[in-house]
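Quick note: numbers below take in every heavy atom, side chains included, and nothing from hydrogens, waters or symmetry partners.
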Amino acid sequence: MNINIHAGHNPDGRTACGATGLLRESTEARRVKDEVIRQLRQLGHTVYDCTCENGKNQTDVLKKIVAACNAHTVDLDVSIHFNAGAKDASGNGTTTGTEAWVYSAASPAKKYAEAICKAISADGYRNRGVKVNPGLYVLRHTKAPAVLVECCFVDDRDDAERYDCQKMAAAIVYGITGQRIPETDPGRDETRPGQAEAPGNPQTPATPQTPDSGGKSLYRVQVIRQYGAFLNKANADRLQAELKAAGFDAVIVKA
């Protein structure tokens, strides 16, 4: 498939940066978006990141997102959001849950929205279902069928405690494609087909295979490389988490 993905809203700290509570919508939507993109690409799909990072206001953010989406010919547009309004900071033992929005009940995106809600709810969230709203800017103006996903509620403790970025992304990917990234086989050293790789597709140097070691030790040569350098530690933390999720022993070194 060819797919547009974007996180809703501006980055945290800017105008129109989304809901805040126990979770911060802008931050988590970007984390989920990045992981959805990584998984979809690992599965062989073509994905475009249409997230806006510099909107002047809410309208400008929406216009820039739509312009980026409409620059590509795709099968589906996916907008990642987090909901608010539960007002359950203490937790009542029940999640407020997940939902998705489409332009109309006849939209080709509806089947994806239903599958996404079902996949996310399988992780323990209440399934609030698919809702129709032709007034939402992104749904109304994108050329391709579009679904807006409200992953869970930022102000519900039960949602926040259950939330896991990678699981949320995997559920969205499964809802879109019916595919999942195979789990890593702990009995093997090499990266196998389908196993997640680190951002930017760095290749781990292969271990030379010895036909018969004769019971002797094998001496392996590994290469340590830098994948990024950031002034903002939050960005370094995020890349470290992505690398560890991909099976790399990543550490942060303060220069």
Closest non-hydrogen contact found for Gly97 with Asp159 is N-OD2, 3.1 Å

Strictly distance-based, threshold 3.5 Å: is any side-chain N or O of Asp60 a donor or acceptor partner for the main-chain N or O of Gly55? no

Verify whether one side chain among Ser26 and Arg30 offers a donor that lies under 3.5 Å from an acceptor in the other. yes

Side-chain (His45) to main-chain (Met1) donor-acceptor, under 3.5 angstrom: yes

Q. Would you find a donor on one side and an acceptor on the other, under 3.5 Å apart, between the side chain of Asp155 and the backbone of Gly21?
A. no

- Task: For residues Leu40 and Ile3, determine if any side-chain heavy atom of one lies less than 4.5 Å from a side-chain heavy atom of the other.
- Result: yes

Open item on the list: I'd like to check Cys117 versus Glu114 (side-chain heavy atoms, cut-off strictly below 4.5 Å). Are they in contact?
Closed with: no

Any side-chain to backbone donor/acceptor pair from Asp156 onto Ala160? Under 3.5 Å, distance only. no

- Would you indicate whether the side-chain heavy atoms of Val32 and Ile172 approach each other to under 4.5 Å? yes

In the structure I gave you, are the side-chain heavy atoms of Asn2 and Thr73 within less than 4.5 Å of one another anywhere? no

Answer yes or no: is there a donor N or O on one side and an acceptor on the other, between the side chain of Arg128 and the main chain of Thr98, under 3.5 Å?
-> no

- Item | Side chain to side chain, Ile120 and Asn127, heavy atoms closer than 4.5 Å | no

- Query: Within a strict 4.5 Å, meaning less than it, do heavy atoms of the Leu148 and Leu139 side chains meet?
  - Reply: yes

task = Look only at the side chain of Thr177 and the backbone of Val173, and say whether a donor-acceptor pair between them is shorter than 3.5 Å.
result = yes

**Report entry** Test side chain to side chain contact (heavy atoms under 4.5 Å, CB included) applied to Val130 and Val102, step by step
**Finding:** CA-CA 7 Å; Val130 177; Val102 294; 3.9 Å; yes

When rounded to the nearest 0.5 Å, the distance separating SG of Cys69 from NZ of Lys143 is 10.0 Å

- Message: Hydrophobic clustering (ILVMFWY, side-chain heavy atoms < 4.5 Å, transitive) - are Tyr125 and Ile176 grouped together?
- Response: yes

Q) Is a donor on one side and an acceptor on the other found under 3.5 Å between the side chain of Glu25 and the backbone of Ala19? A) yes

- prompt: Just wondering, do Gln39 and Tyr174 contact through their side chains at under 4.5 Å, heavy atoms?
  reply: no

Q.
Under a 4.0 Å threshold between the charged nitrogen and the carboxylate oxygen, would Asp123 count as salt-bridged to Arg162?
A. no

Notebook entry, point to check: Out of curiosity, does Val78 fall in the hydrophobic cluster containing Val36 (side-chain heavy atoms, cut-off under 4.5 Å, transitive links)?
Noted result: yes

Taking every heavy atom of Asp158 against every heavy atom of Thr94, the minimum-distance pair comes out as OD2-O, 3.2 Å

Smallest heavy-atom separation, Pro11 atom then Glu53 atom, equals CG-OE1, 2.9 Å

Should Phe153 and Met168 be counted in the same cluster of Ile, Leu, Val, Met, Phe, Trp and Tyr side chains packed under 4.5 Å apart?
-> no

Just say parallel, tilted or perpendicular for the rings of Phe82 and Tyr163, cut-offs at 30° and 60°.
perpendicular

**Study point:** Expected output: side-chain Lys33 to main-chain Ala7 donor-acceptor under 3.5 Å
**Key:** no

Closest heavy-atom pair, Arg140 versus Gly135, reported as atoms and distance to 0.1 Å, is NH1-O, 2.7 Å

Under 3.5 Å donor-acceptor, Asn10 side chain and Thr15 backbone:
yes

**Q.** Side-chain heavy-atom pair Val147, Trp101 within 4.5 angstrom cut-off
**A.** no

Thr95 meets the side-chain hydrogen bond (donor to acceptor under 3.5 Å, both in side chains) criterion, sequence neighbours left out, with none

Those residues at least two apart in sequence (or on a different chain) that pass salt bridge (Lys or Arg N to Asp or Glu O under 4.0 Å) with Arg24 are Asp12

Practice item. May I ask you to say whether Glu35 pairs ionically with Arg31, meaning some side-chain N is under 4.0 Å from a carboxylate O? Key: no

- Task: Could you tell me whether the side chain of Gln58 and the main chain of Ala16 form a donor-acceptor pair under 3.5 Å?
- Result: no

Looking only at heavy atoms, the pair that brings His6 and Val138 closest together is CE1-CG1, 3.9 Å

| message | Quick check on the hydrophobic clustering: are Leu136 and Tyr103 connected, directly or via other members, by side-chain heavy-atom contacts under 4.5 Å? | response | yes

